[in-house]
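Quick notes on the structure that follows.
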Amino acid sequence: MMRFLLIFMLLAVGGFATWWFMQKPSHNRQWADDVSQMLHAEVNGDTVVLNNVRNFEWRTETDYTPRWETREYDLSQLQTADLVLSYWMGPKIAHTLVSFGFADGRYLTFSIEIRKEKGEEFSPWKGFVRQYEAILVAADEADIIRTRSNARGEDVYIYRLAIPPEQLKTLFMAYVERANSLEKEPEFYNTLTSNCTTVVYDIAKQIVPNLPLDYRLLASGYFAEYAHEQGGLVEGFSYAELQEKGYIVLRAKAIQPGENFSEAIRRGVPGMQQSVQSD
């Protein structure tokens with residue numbers, strides 16, 4: 001009996017391993033509208049031209065006006081970076097985004113996401129077994145943050161990152177390089193090892209090589225707390241204060257037509273100037 005069970009287990013493991021390695025990532029599927037375009041970057045000195053920046057107008061999760069834009073950014077005018085956490089499944093799990101601010105008032109947000117096919121839903125468990133490709137989305141804040149705070153009803157927090165000006169370009173370019181890598185060679189998203197938070201950690205290590213590993217890289221809802229302990233958030237405030245003042249949902253839902261989204265969500269947030277202008 002034990003021999004039979006051992007043979008069965010070996011066959012099962014072998015069958016799973018064969019299936020695992022037969023799964024190949026692809027760029028050629030029927031993608032959902034919001035991830036249908038891959039980000040493409042062209043860099044010339046401090047000038048970065050990004051093709052396929054997403055700027056959808058979301059009314060609900062299923063009612064939207066799609067817009068893909070080409071935008072140009074001057075990295076010498078890069079001033080800030082903000083950490084955004086959006087909670088969609090309780091306090092332990094959050095989606096992690098990083099938003100860059102420029103001297104002209106524009107903001108650009110980067111987000112590693114699963115590249116859903118049409119009609120496909122996200123499952124954390126399927127994310128363990130090579131069922132989703134990864135995509136790096138670059139988007140306007142009024143798209144990628146507003147859809148979470150307003151259309152999806154998620155709890156969204158924003159924090160000013162304490163990054164020296166000379167390192168902002170390094171961080172921004174790390175995202176650009178990641179986008180170009182994914183464009184050239186498709187990769188699988190992995191819930192554990194290659195997700196929205198671990199990618200931020202990997203990129204941050206280019207600035208702070210000795211960043212320690214921590215369970216909060218997996219329990220991503222606590223990632224801002226981890227960043228605060230590492231001195232990565234604006235100084236002079238407790239984490240509880242930053243979390244309380246960084247909650248944007250009430251401000252996001254109160255925005256009136258024509259009001260600047262980026263300015264409104266930053267009102268009262270520690271370390272953030274209030275004078276930003278529309279894109």
Side-chain angles (χ1 to χ4, degrees), residues 38-54 70-85 95-113 134-141 144-145 158-185 187 193-214 216-217 220 223-235 242 246 262 266 269-273 276 279:
M38 295 289 291
L39 181 64
H40 174 75
E42 299 172 7
V43 182
N44 183 13
D46 277 345
T47 300
V48 178
V49 176
L50 296 178
N51 298 288
N52 297 324
V53 174
R54 203 179 75 194
T70 296
R71 296 187 178 185
E72 181 176 306
Y73 296 92
D74 182 354
L75 297 188
S76 69
Q77 301 299 304
L78 185 57
Q79 292 187 329
T80 62
D82 297 326
L83 176 67
V84 180
L85 294 184
H95 186 75
T96 307
L97 312 91
V98 174
S99 193
F100 292 89
F102 291 82
D104 60 4
R106 294 188 299 164
Y107 286 86
L108 180 73
T109 305
F110 288 108
S111 172
I112 285 283
E113 303 188 0
I135 187 172
L136 180 61
V137 177
D140 192 284
E141 288 190 334
I144 201 164
I145 296 178
I158 190 167
Y159 306 89
R160 175 56 45 88
L161 289 168
I163 299 177
E166 64 273 12
Q167 293 180 341
L168 286 171
K169 180 179 176 180
T170 300
L171 186 61
F172 188 97
M173 286 304 301
Y175 275 103
V176 169
E177 291 163 8
R178 182 72 174 137
N180 285 340
S181 174
L182 284 172
E183 184 186 25
K184 291 177 183 177
E185 190 71 31
E187 298 178 16
T193 62
S194 181
N195 57 52
C196 60
T197 305
T198 59
V199 167
V200 173
Y201 171 79
D202 290 341
I203 289 174
K205 283 186 69 177
Q206 296 188 32
I207 298 174
V208 186
N210 60 346
L211 270 179
L213 289 170
D214 193 280
R216 286 165 291 190
L217 298 173
S220 53
F223 184 68
E225 182 182 24
Y226 165 81
H228 182 260
E229 288 181 7
Q230 301 305 316
L233 302 185
V234 62
E235 297 179 348
L242 293 176
S262 295
R266 285 173 170 79
V269 179
M272 299 194 183
Q273 298 178 357
V276 296
D279 215 357

Measure the [atom1]-[atom2] distance between [X] and [Y] for me, rounded to the nearest 0.5 Å.
{"X": "I145", "Y": "S262", "atom1": "CD1", "atom2": "OG", "result": "7.0 Å"}
{"X": "L168", "Y": "Q79", "atom1": "CG", "atom2": "CD", "result": "9.0 Å"}
{"X": "T70", "Y": "L50", "atom1": "OG1", "atom2": "CG", "result": "9.0 Å"}
{"X": "R54", "Y": "I144", "atom1": "CZ", "atom2": "CD1", "result": "5.0 Å"}
{"X": "D214", "Y": "E225", "atom1": "CG", "atom2": "CD", "result": "9.0 Å"}
{"X": "E113", "Y": "L136", "atom1": "CD", "atom2": "CG", "result": "9.0 Å"}

For a quick test of reading the model, state the closest non-hydrogen atom pair linking [X] to [Y] and the distance between them.
{"X": "L75", "Y": "F102", "answer": "CD2-CE2, 4.4 Å"}
{"X": "A138", "Y": "L39", "answer": "CB-CD2, 3.6 Å"}
{"X": "M272", "Y": "Y159", "answer": "CE-C, 3.7 Å"}
{"X": "V269", "Y": "G246", "answer": "CG2-CA, 4.3 Å"}
{"X": "A224", "Y": "L233", "answer": "O-CD1, 3.5 Å"}
{"X": "A139", "Y": "V53", "answer": "CA-CG1, 4.0 Å"}

Check whether more than 12 heavy atoms from other residues, nucleotides or ligands sit under 6.0 Å from atom CD of E235, and answer yes or no.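 Atom CD in E235 is not crowded, with 12 or fewer foreign heavy atoms closer than 6.0 Å.
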Looking at side-chain heavy atoms only, is the closest gap between [X] and [Y] below 4.5 Å?
{"X": "E187", "Y": "R178", "result": "yes"}
{"X": "D82", "Y": "L161", "result": "no"}
{"X": "Y107", "Y": "T80", "result": "yes"}
{"X": "V98", "Y": "T109", "result": "no"}
{"X": "N52", "Y": "E183", "result": "no"}
{"X": "E141", "Y": "V84", "result": "no"}

Among all residues two or more places apart in sequence or in another chain, which pass the side-chain contact (heavy atoms from CB on, under 4.5 Å) test with E72?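 Partners of E72 under the side-chain contact (heavy atoms from CB on, under 4.5 Å) test: T47, V49.
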Once side-chain contact (heavy atoms from CB on, under 4.5 Å) is applied, do any residues pair with P212, and if so which ones, sequence neighbours excluded?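 side-chain contact (heavy atoms from CB on, under 4.5 Å) list for P212, sorted by chain: Y226, Q230.
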Which residues share a salt bridge (charged side-chain N to carboxylate O under 4.0 Å, His left out) with D46, sequence neighbours left out: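 Testing D46 for salt bridge (charged side-chain N to carboxylate O under 4.0 Å, His left out), a comparison that skips the adjacent residues, returns K169.
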Could you go step by step and tell me if I158 and R266 meet the side chain to side chain contact (heavy atoms under 4.5 Å, CB included) rule? CA-CA 8 Å; I158 190 167; R266 285 173 170 79; 3.6 Å; yes
Walk me through whether D140 and L108 qualify under side chain to side chain contact (heavy atoms under 4.5 Å, CB included). CA-CA 5 Å; D140 192 284; L108 180 73; over 6 Å; no
How are the rings of F172 and Y73 set to each other: parallel, tilted or perpendicular (split at 30° and 60°)?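 Judged by the thresholds at 30° and 60°, the geometry between F172 and Y73 is tilted.
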G271 backbone acceptor or donor facing R160 side chain under 3.5 Å: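 Pair found, side chain donor or acceptor close to backbone of G271.
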